[in-house]
Amino acid sequence: MRGNALPVAGKQSSFEGKTYWRSLEHLADAPAFREWVQHRFPQSMLELLDGGIDRRRFMHLMAASLGLAGLGGCQRPPSNVLPYSRPPEDVTLGLPTFYATAMPRPGSASPILVESHEGRPTKIEGNPTHPASAGTSDAQAQASILGLYDPDRFGPVLRAGETSSWEAFDAFAAEQIAAIHARKGQGFYVLSEDVSSPSLERLRGVLKTHAPQASWHVHEPITQANGRAGGALAFHTEVLPDLHFDRAEIILALDCDFLGVEEDGGRHLIGFAEARRRLPPAGASNRLYVVESQFSITGGMADHRLRRASSLVPAYAALLAQVVLEQSQANAVLVEALRA
């Protein structure tokens, strides 16, 4: 940005008599901004902001800094890796080891295969021998490997913002657990995700035994409550649909990205692709209709896509149901007339 004869920190710039600034904070020249610049950049940057260094001198300094940084990166960093004194069984150096496991999801779990090198997980893929995934995995499963190397996982123990120790935490936890047992859990609340984990269910059982008056609450920002309610209306019991897109010929998705971020997206994608590859006379290929508010993976695969705001999707569904019902009644009258 360029200003017209506005001084910065009381000094004029040397660029053709005009004053330039790089942000509103630079223009205000607040003490907090000065402290941030001094922390992030060398003293030469402060001199540049004050007009003490011209552009050519600044480029020279930056080029020298980059050159020295490149020289520092040419040498191998020190390594203190020690060999195994007793190598573990079934581990060959240089060859990966694969572990079959599952990633918890709300109300379900996703089967995955974890690639590990000398005890360090490096890659996550779908389990090719499991029918629920058939070797596919979504973006959340792929990115979850980065959480294992998150530096925040190895932070120190803190209490009231101050560094503490695990021994102090154990003593604090023992006091709190003793107080909860004395009250039989009254006033103790647990808020958890909707994870279908046997270990978590056992933990809930132990808590109910030792603290019968404790409360356990489950919350998810996106739940399957609407699906269960629909199952109760259709089958008089809370059930969830088990969708088989490989058998569907006509599919209508109402603001639902079932090929992308929805649950079991990998399995749905396999079934949808299998039905789409069908050619006569084996069977008709499926056809996908999508009504959504923003572009999604499912919308990109649609044969017919209608863009509508999310608030209008229920009205569209009601109108569509009315049209289908009228056509069904008309067809029923036609069938009765033909029979007569």
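In this chain, residues are counted from 1 in sequence order.
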Minimum heavy-atom separation for Ile145 to Pro121, with atom names? CD1-CB, 3.5 Å
My understanding is that only residues two or more places apart in sequence, or in another chain, count here; which of them pass side-chain hydrogen bond (donor to acceptor under 3.5 Å, both in side chains) with His304? Arg287
Closest non-hydrogen contact found for Ala141 with Ile112 is CB-CG2, 4.4 Å
Measure the NE2-CD distance between His181 and Gln176 for me, rounded to the nearest 0.5 Å. 12.0 Å
Connected via hydrophobic side-chain network under 4.5 Å: Leu288 and Leu243: yes
Can you list everything that forms a salt bridge (Lys or Arg N to Asp or Glu O under 4.0 Å) with Asp242? Sequence neighbours excluded, please. Arg267
side-chain contact (heavy atoms from CB on, under 4.5 Å) for Thr136 and Ile270? Distances and angles first, verdict last. CA-CA 9 Å; Thr136 62; Ile270 294 175; 3.6 Å; yes
Among residues at least two apart in sequence or on other chains, which ones pass side-chain hydrogen bond (donor to acceptor under 3.5 Å, both in side chains) with Gln322? Glu326
Criterion side-chain contact (heavy atoms from CB on, under 4.5 Å) on Gln142 and Gln140, from CA distance to verdict: CA-CA 5 Å; Gln142 293 283 340; Gln140 295 180 358; over 6 Å; no
Can you check whether His219's main-chain N or O pairs, donor with acceptor, with Glu193's side chain at less than 3.5 Å? no
Could you pull out the closest heavy-atom pair between Asn286 and Phe272, with the gap in Å? ND2-O, 3.3 Å
Qualifying salt bridge (Lys or Arg N to Asp or Glu O under 4.0 Å) pairs with a residue from residues 295-318, counting only residues at least two apart or across chains: Arg276-Asp303, Glu292-Arg305
Once you round to the nearest 0.5 Å, how far does CG of Leu252 lie from CD1 of Ile250? 10.0 Å
Which residues satisfy the side chain to side chain contact (heavy atoms under 4.5 Å, CB included) test with Ser165, sequence neighbours excluded? Glu167, Ala168
Is it true that Tyr289 and Leu269 fall in one hydrophobic cluster, defined by side-chain heavy atoms closer than 4.5 Å? no
How about CG on Leu319, more than 12 heavy atoms from neighbouring residues, nucleotides or ligands closer than 6.0 Å, or not? yes
Can you find a pair of side-chain heavy atoms, one from His217 and one from Ser192, that are under 4.5 Å apart? no
Mind checking side chain to side chain contact (heavy atoms under 4.5 Å, CB included) for Lys208 and listing every partner two or more places apart, or none if nothing turns up? none
For the atom pair OG1 (Thr129) and CG (Leu113), what is the distance rounded to the nearest 0.5 Å? 7.5 Å
Is Leu320 reachable from Val290 through a run of hydrophobic residues whose side-chain heavy atoms are each under 4.5 Å from the next? no
For Val323, all residues meeting side chain to side chain contact (heavy atoms under 4.5 Å, CB included), sequence neighbours excluded: Gln327
Report yes or no: do Ile124 and Tyr99 belong to one cluster of Ile/Leu/Val/Met/Phe/Trp/Tyr joined by side chain heavy-atom distances under 4.5 Å? no
How close do Gly260 and Thr298 get, counting heavy atoms only, and between which atoms? N-OG1, 4.2 Å
Got a sec, which residues hit ring-ring contact (aromatic ring centres under 6.0 Å, His included) with Phe169, two or more places apart in sequence or on another chain? Trp166
Does some side-chain heavy atom of Tyr316 sit less than 4.5 Å from a side-chain heavy atom of Leu312? no
Does atom CD of Glu201 have more than 12 heavy-atom neighbours from other groups under 6.0 Å away? yes
Which distance, rounded to the nearest 0.5 Å, do you find between the CE of Met301 and the CG of Leu259? 6.5 Å
Donor-acceptor pair, distance only, cut-off 3.5 Å: does the side chain of Ser116 make one with the backbone of Arg120? yes
Which residues satisfy the ring-ring contact (aromatic ring centres under 6.0 Å, His included) test with Phe258, sequence neighbours excluded? Phe245
Would you check if Asn127 and Thr101 make a side-chain contact, meaning some heavy-atom pair closer than 4.5 Å? no
Applying side-chain hydrogen bond (donor to acceptor under 3.5 Å, both in side chains) to Ser310 and not counting sequence neighbours gives Asp255, Ser293
Going by side-chain hydrogen bond (donor to acceptor under 3.5 Å, both in side chains), name the residues that satisfy it together with His210, two or more places apart in sequence or in a different chain. none
For Glu118 versus Gly94, what's the shortest heavy-atom pair and its separation? OE2-N, 3.2 Å
How far apart are the C-alpha atoms of Leu240 and Arg228, what are their side-chain angles, what is the distance that settles it, and do they pass the side-chain contact (heavy atoms from CB on, under 4.5 Å) test? CA-CA 6 Å; Leu240 291 174; Arg228 292 190 177 94; 3.6 Å; yes
Separation between CG of Asp246 and CZ of Arg277, rounded to the nearest 0.5 Å: 11.0 Å
Single-linkage hydrophobic cluster, 4.5 Å side-chain cutoff, Met103 and Leu200 together: no
Quick one: does Thr163's side chain get under 4.5 Å of Leu158's, heavy atoms only? yes
Would you tabulate the side-chain donor-acceptor contacts of residues 182-191 under 3.5 Å, counting partners in other chains and residues two or more places apart, or write 'none'?
residue, atom, partner, partner atom, Å
Arg183, NE, Gln186, O, 3.0

